[in-house]
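Quick notes on the structure that follows.
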Amino acid sequence: MNDISPDRNISMELARATEAAALGAVPWTGRGDKNGADGGAVDAMRTMLNSIDIDGVVVIGEGEKDEAPMLFNGEQVGTGSGPQVDIAVDPIDGTTLLSLGRANAVSVIAAAPRGAMYNPHDIFYMEKIVVGPEAKGKIDLAAPVRWNLEQVAKARGIPLTEVTVTLLDRPRNDDIVSDIRDAGARIISITDGDVAGAVMAGMDGTGVDMLLGIGGSPEGVSAACAIKALDGDMQCRLWPRHDDDRALAAERGLDLSQVLSLDDLVSGDDCFFALTGITTGYLLRGVEVTRSGARTHSLVMRSRSRTIRTIEAEHHTHKVEQFLAI
C-alpha cells in the first residue's frame with residue numbers, strides 16, 4: 001500500500017460533494033427517470049470532487065451495474081495535489097427510491113489511503129452482517145442467523161426478542177427473514193440502498209442493532225469506511241448470482257467462500273465517509289426547499305479520530321441553481 005496517508009480531515013470536503021449530488025438529484029424525485037437522476041447527481045458530485053485538493057482514484061465507481069452515467073472505475077478526481085486516496089462513490093444510493101418519490105435515498109462518498117479498499121471486480125452482490133461497537137468481535141457470518149442474534153442480544157444486554165435487524169426486501173433474503181422471524185427478533189425492511197442501513201446498525205440511537213442479508217458489493221465497501229469510524233464490526237462474503245459470476249470470480253482470483261473482515265474491506269485506520277440525505281428517511285432528513293434556496297442534512301465521519309459530525313447546511317438559491325444547471 002502507498003505510505004502517503006491523508007493528514008487532514010477530508011471528510012468535511014467530501015460532504016460538499018455529497019451535498020452537491022443531493023442538490024443535483026432532488027429535482028428528479030418522483031419523475032420515474034433513474035438515469036436522469038443519476039446524471040444530475042453524478043455531474044454535480046464530479047464537479048465538486050474535482051475542486052478538492054486530493055489525488056484521488058475512483059475504485060468503487062457508480063453506474064456500470066445500472067447502465068447509468070458514471071464516475072467510472074479508474075477515473076482521476078481531485079486537483080491532483082494533496083493525499084493519494086482511493087474513492088468509493090454512490091451519488092444516489094437508492095436510485096429507484098428517488099425515481100418513485102420514496103424515502104431513504106442518500107448520496108455517499110468514502111475515501112481511504114491509496115490501495116486500502118477492497119475491489120469486488122464486478123461481482124455485484126455480497127452477504128453482509130453489520131453490528132455496532134458492543135457486538136464487535138462477537139459475530140460470525142458463517143454461523144447460523146440465530147447464533148448471531150443471540151450474540152448481539154447478549155452484547156446489548158437485551159432479550160433476543162428486542163433485537164432489531166434491518167435488511168433489503170428481496171427474494172434472495174427470504175430464508176434469512178424466516179430465520180429472524182423464527183428467532184423472534186424484529187425486522188425493519190428496506191426496499192433499496194443498504195448503505196444507510198449499515199450505518200444505522202453501527203450507530204447508537206437508531207433503533208437498529210444489526211444489518212443482515214445480501215446487498216450490493218460496492219455499497220459494502222463504502223459502508224465499511226463508516227463502520228470503522230463508528231468502531232463497529234462488519235463481515236461480508238461475495239455472493240454470485242449465476243454461473244457467469246462464478247466464472248468471473250475464478251478468472252479474477254476471487255475466493256467466493258472467503259469471509260471478508262472489516263480490515264479486508266478497507267485496511268488501515270484512516271478512512272473517511274460522508275452521507276447526505278436526498279429524500280427523508282430513517283437516518284437523515286432529505287433536501288428541504290427554503291425561502292433562500294435549500295437545506296441539506298449530512299453525516300461526516302473519520303475513523304482515525306472516531307469523529308462523527310452531523311451537518312445541517314443552508315444553500316443559497318443562486319448556488320443551488322449552479323448545481324442544477326451542471
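Residue numbers run from 1 in the order of the sequence given.
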[X] side chain to [Y] backbone, donor-acceptor under 3.5 Å:
{"X": "R246", "Y": "H242", "value": "yes"}
{"X": "D93", "Y": "V195", "value": "yes"}
{"X": "E75", "Y": "F72", "value": "yes"}
{"X": "K138", "Y": "A155", "value": "no"}
{"X": "T276", "Y": "S298", "value": "no"}
{"X": "D169", "Y": "T191", "value": "no"}
{"X": "S99", "Y": "D33", "value": "no"}

For atom [atom1] of [X], is the number of surrounding heavy atoms from other residues, nucleotides or ligands below 6.0 Å larger than 12?
{"X": "R309", "atom1": "CZ", "value": "no"}
{"X": "R252", "atom1": "CZ", "value": "yes"}
{"X": "D175", "atom1": "CG", "value": "no"}

Drop me the distance from [X]'s [atom1] to [Y]'s [atom2], to the nearest 0.5 angstrom.
{"X": "D244", "Y": "I123", "atom1": "CG", "atom2": "CD1", "result": "10.0 Å"}
{"X": "L299", "Y": "M203", "atom1": "CG", "atom2": "CE", "result": "4.5 Å"}
{"X": "S261", "Y": "L141", "atom1": "OG", "atom2": "CG", "result": "11.5 Å"}
{"X": "H297", "Y": "R295", "atom1": "NE2", "atom2": "CZ", "result": "6.0 Å"}
{"X": "L149", "Y": "L212", "atom1": "CG", "atom2": "CG", "result": "6.5 Å"}
{"X": "I311", "Y": "T18", "atom1": "CD1", "atom2": "OG1", "result": "8.0 Å"}

Assigning hydrophobic clusters by single linkage (Ile, Leu, Val, Met, Phe, Trp, Tyr; side-chain heavy-atom cutoff under 4.5 Å), is F273 placed with V131? no
Using 4.0 Å as the upper bound for N to carboxylate O, is an ion pair formed by [Y] and [X]?
{"X": "K128", "Y": "E219", "answer": "no"}
{"X": "D192", "Y": "R170", "answer": "yes"}
{"X": "D55", "Y": "R114", "answer": "yes"}

Where is the tightest heavy-atom contact between [X] and [Y], given as atom of each residue plus distance?
{"X": "L168", "Y": "G193", "result": "CD2-N, 3.9 Å"}
{"X": "M234", "Y": "C236", "result": "CE-SG, 3.6 Å"}
{"X": "D86", "Y": "A116", "result": "OD2-N, 3.2 Å"}
{"X": "Y125", "Y": "I214", "result": "CB-CG2, 4.1 Å"}
{"X": "L283", "Y": "V199", "result": "CD2-CG1, 3.8 Å"}
{"X": "A20", "Y": "A44", "result": "O-CB, 3.3 Å"}

Could you check whether any side-chain heavy atom of L284 comes within less than 4.5 Å of a side-chain heavy atom of V106, counting everything from C-beta outward? no
Check: I60 and P120 side chains under 4.5 Å, non-hydrogen atoms: yes
In terms of side-chain heavy atoms, does T79 have a donor or acceptor partner in D53 at a distance below 3.5 Å? yes
Residues in side chain to side chain donor-acceptor pair (under 3.5 Å) contact with E150, at least two apart in sequence or another chain: R146
Taking L230 as the fixed residue, which of D204, V130, I308 is the one that meets the side-chain contact (heavy atoms from CB on, under 4.5 Å) rule? I308
